[in-house]
Amino acid sequence: MHLVLVDGSTFIFRAFHALPPLTRKSDGLPVGCVSGFCTMLHKLTEDLKGEDAPTHMAVIFDHSAKSFRSDFYPDYKAHRPPPPEELVPQFPLTRAASRAFSIPCIEMEGWEADDIIATYAVMARQAGGRATIVSSDKDLMQLIDAEGRVRMLDTLPRPGQPPLRWIGPNEVFEKFGVAPEKVVEVQALCGDAVDNVPGVPGIGVKTAAELINTYGDVETLLARATEIKQPARRQKLIDNAELARVSRRLVTLSQDVPVELPIDALVREPIAPGKLFPFLKAMEFSTFTRRIAGLIGADPDAWEADPELRAANAAPTGTSATTAGAAPSEVSAGTGVAGASGEDTPVRLAAAEAERIRALPFATDAYEIVVSRERLADWIADARAMGHVAVDTETTGLDNQQADLVGISLSTRPGHACYIPLGHAGGESDMFGGGRAEGQLDMRETLATLKPLFEDRSILKIGHNVKYDMGLLVRYGITLAPIDDTLLMAYALDGARNNSMEALGQAWLGHSGTPIKDLIGTGKSQITFAQVPIPEAARYAAEDADMTIRLWHVLRPRLVAENATTVYETLERPLSPVLMRMEGRGISVDRGILARLSGDFAQRAAAFEAEAQELAGEPFNLGSPKQLGEILFGKMALPGGTKTKTGQWATGADVLEDLALQGVPLARAVVEWRQLTKLMGTYTNALPGYINARTGRVHTSYHQAAVLTGRLSSNEPNLQNIPVRTEDGRKIRTAFVAAPGKMLISADYSQIELRVLAHIADIQALKDAFEEGLDIHAMTASEMFGVPIEGMPSEVRRRAKAINFGIIYGISAFGLANQLSIERSEARAYIEAYFAKFPGIKDYMDAQKRRVKADGHVTTLFGRRIPFPNATSSNPSERAFIERASINAPIQGSAADIIRRAMIRMEPALKRAGIAADMLLQVHDELIFEVPEGTEDAAIPVIREVMENAAVPAVHLTVPIRVDAHAARDWDGAH
DNA sequence: GCAAGGACGTA
DNA sequence: GTACGTCCTTGCA
């Protein structure tokens, strides 16, 4: 006997996350997950052949979130958000799917699927048979036995591994460091964040395994805990003995569930066409139906769709179809799902195209390596015939200002791609071997041949994060244009989730591609792409171009279907080349200034370090919050210590500042030391390392699709967090200088977010204040506290300012109290007063909270959607967090959209005005330019004009937008 | 060598 | 209370 037990949850979960959710029946019911479920179930029966073929089989489901475990530990699985809305109607359908395949499906109230699986597995073994558990749930690993009579099978396809992954005692040992029968002991100690099993705080899997291997089991360990040498570990175990026992009960599976069906009732039956086809037809899985029909030699047309499934599950038309989860999502209710059967709505066309592309197989060995001029010409001709081509460059590094070109891949249509190797190193050459590999076209000549195509305004070049390739190719004399970018398309559609090629491929193509580390390795032994053998490189590179063009085919129609075209075309696509040029220009940084500052800071830091150790009475590492906390709150026993979530003493700047005010000189010394070492570590010492040897300047990279509100982010180095608040910090800005004969101009929006808020929430009092050019914080204070603006105490204004910022951040009494070091009740009174004075604010905040829950997203003034897939989370603190974020996101995001529009228009405007200004940096509400000395006064009005009018004509703001701009030799002076 | 946590720089 | 990226220590391989 071989009993195969399928964990239904694993299949559902995987089907949901692996597949695009666009699949719907003609009546609008989402069935993508059911479809995936059927595919996986069928594939499993196909894969289990020969001695692995099941004689008995069942699919086991969870009945509900409640099980007997909640009775003795109410928090069990309490973190779990409710299932996404579109998944709910699919649950009964997955049961129906199992039955349609003639496989019994089992679920029982009060028991988790895992308990039922455990019970049946044990029954099979006691009957002298074998059991296979198809699941990826590690909680089931405790059931595996050493004789191979109970095994697990994970069907997740992982690149480079066989599709079936058998899990036996060895794999269990790999994961838990112990034999299967000890798994529960380890889990009892290390807990499980996902299921909310507490475990012993501070003990992870590794430590748990070590302890269990020494002591055998939890009870013995707890009994002999005093023998443990490490003091911290010993104490943790003693303190949390009860947690460990409860955890052990939680993770131990019941093996005596009173199951209704005896094992004999699970005998595998052949597929019954009379059961299967009515189901598949009701689900409208036409492709799958044909495939199965072919396999079992039946005529599906002999059966009608199951009328009950049809009627019972017809979705009410017009229901919001907001979705959640890792897969790309979001079909809004109004865009054509409702009603209409067979009509060619944009949504339907996009879904059909996605399905068509997904069905195309990958054949990585079929890609061509281009080594002749003739074939190169053929590919160029093909690109011209198509009017578009996907382009991907392979290089020696991640920094496109420094890396060398190694090869180029092209794809003109799905499955049809090539690789043009240009800079691969010779075979046996090691790092310094120098040789050039055989079988490559000449780089210069090839680039010259490609240049007309790459610069042809009538041929679209498609890339994934094409800014990288553009920035690289510019250095080789090629200006890639026009471009489309699948990364930016995905960002416009689904926001800042994981939009990597790998993730999008997995979600939309069912294929994640080859990880680059498979080719170049990782860490110390990493090689560059130039050292990768050409055939291997070609498979990887061409696959990337192939995936890019496939994604383009899927995402482009979605832009129209999901109303994201305007955002993509006006805020994303045109910005990309602008950022590429800014990155290429870089900014000049004065090494000498940084070196002098570094010396100064180091000296002063050393003095504070000595003082701190003197005051502490012992030498310790000031950089270790852990050691500091123990000295302050342990050794010195200072009052008022709080702990972080991991049980460490909190020693943040606010805590130390409090202590310093209470007369703890050690706290003051550490605050000063931290400031100085921060400035050294992150800026004065680190920045020189970013000066590019070729250009002598520092080139940051902007990430255009990283921030959920639509802001940019900057990295390597981050030039958006150069210090400005403290005097020492500002000195670092003096090292950012204009090139000889040039000047820097800094132009920044004044109070842009508060102005945007005044417009969006329509607050007349705020608008009037901006119109009159008042000090907005002082005005707020005078309104709220009835204090005249003339002679207002600075403390009063400070509080009003904190409240204004608080509003933008989605204020809470808790947060405001923290910020102002006041009682929470007082903070609450302030907020009430604010709402009373500006009632529109409360309306705005409530409206955003409603919207985010109803739609799963909020939008900026310019139509950018900012998704919050967990807006209806059952976790109250998560929900509150999302509410605050949904209040902030339209404000921060609209301001971000405005400066994007300004940046897109800036270069043409300067050119028209005949001003040779180069835009170098963006810092959220500030733009930095470099201009020839003497042209500052001409440049500033143009810059200001573009920035102040960036919103029109798309949006006519009902508040004035003001820009402050100054010129100086260095950034500090200009700011 | 790598990941997580704490801390801290900016808007 | 919002949004990021980087550095350092710690604790594991």
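Numbers restart at 1 for each chain; the letters A, B, ... are given by sequence-line order, proteins then strands.
Counting 5' to 3', DNA chain C first comes under 4.0 angstrom of a heavy atom of chain A and last does so at the ends given by C:dG1 to C:dA13.
Note on A:Gly681: only backbone sugar-phosphate atoms sit closer than 4.0 angstrom, heavy atoms only; bases stay farther off. As judged by a 4.0 angstrom heavy-atom cut-off over every strand, A:Ala802 is placed among the base-contacting residues. Base contact: A:Ser812 has a heavy atom under 4.0 Å from a base atom. Base contact: A:Ile811 has a heavy atom under 4.0 Å from a base atom. Across all strands, A:Ala813 comes closer than 4.0 Å to no nucleic acid atom at all (heavy-atom distances). Across all strands shown, A:Phe805 has no heavy atoms under 4.0 Å from either base or sugar-phosphate atoms.
For residues 701-715 of chain A, the pairs satisfying salt bridge (Lys or Arg N to Asp or Glu O under 4.0 Å) are A:Arg711-A:Glu753, with sequence neighbours left out. Among pairs with a residue in residues 895-904 of chain A, those fulfilling side chain to side chain donor-acceptor pair (under 3.5 Å) read A:Glu572-A:Arg900, A:Thr860-A:Asp897, A:Arg864-A:Asp897, at least two apart in sequence or across chains. Within the structure, the salt bridge (Lys or Arg N to Asp or Glu O under 4.0 Å) test picks out the following pairs touching residues 645-658 of chain A (sequence neighbours left out): A:Glu657-A:Arg668. Within the structure, salt bridge (Lys or Arg N to Asp or Glu O under 4.0 Å) contacts touching residues 880-889 of chain A (residues at least two apart or in different chains) are A:Lys853-A:Glu883.
Under a 3.5 Å cut-off, the side chain of A:Arg733 and the backbone N or O of A:Ile722 do form a donor-acceptor pair. Of the possible donor and acceptor atoms, one in the side chain of A:Asn888 sits under 3.5 Å from a partner among the backbone N and O of A:Ile808.
Annotation: side-chain contact (heavy atoms from CB on, under 4.5 Å) contacts of A:Thr214 (sequence neighbours excluded): none. Not counting sequence neighbours, the partners of A:Ala496 by the side-chain contact (heavy atoms from CB on, under 4.5 Å) test are A:Tyr491, A:Leu708. Judged as a salt bridge (Lys or Arg N to Asp or Glu O under 4.0 Å), and not counting sequence neighbours, A:Lys643 has no contacts. Residues passing the salt bridge (Lys or Arg N to Asp or Glu O under 4.0 Å) test with A:Asp970: none are found, sequence neighbours excluded. Here A:Arg674 pairs with nothing under the salt bridge (Lys or Arg N to Asp or Glu O under 4.0 Å) rule; sequence neighbours left out.
Heavy-atom distances to DNA chain C give each of A:Ala706 and A:Thr207 a nearest nucleotide, and the one nearer the 5′ end belongs to A:Ala706.
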B/S/- contact track for nucleotides 6-11 of chain B, protein heavy atom under 4.0 Å: SSBBBB

All N/O pairs under 3.5 Å across the protein-nucleotides 1-4 of chain B interface:
from, atom 1, to, atom 2, distance (Å)
B:dC2, OP1, A:Thr522, OG1, 3.1

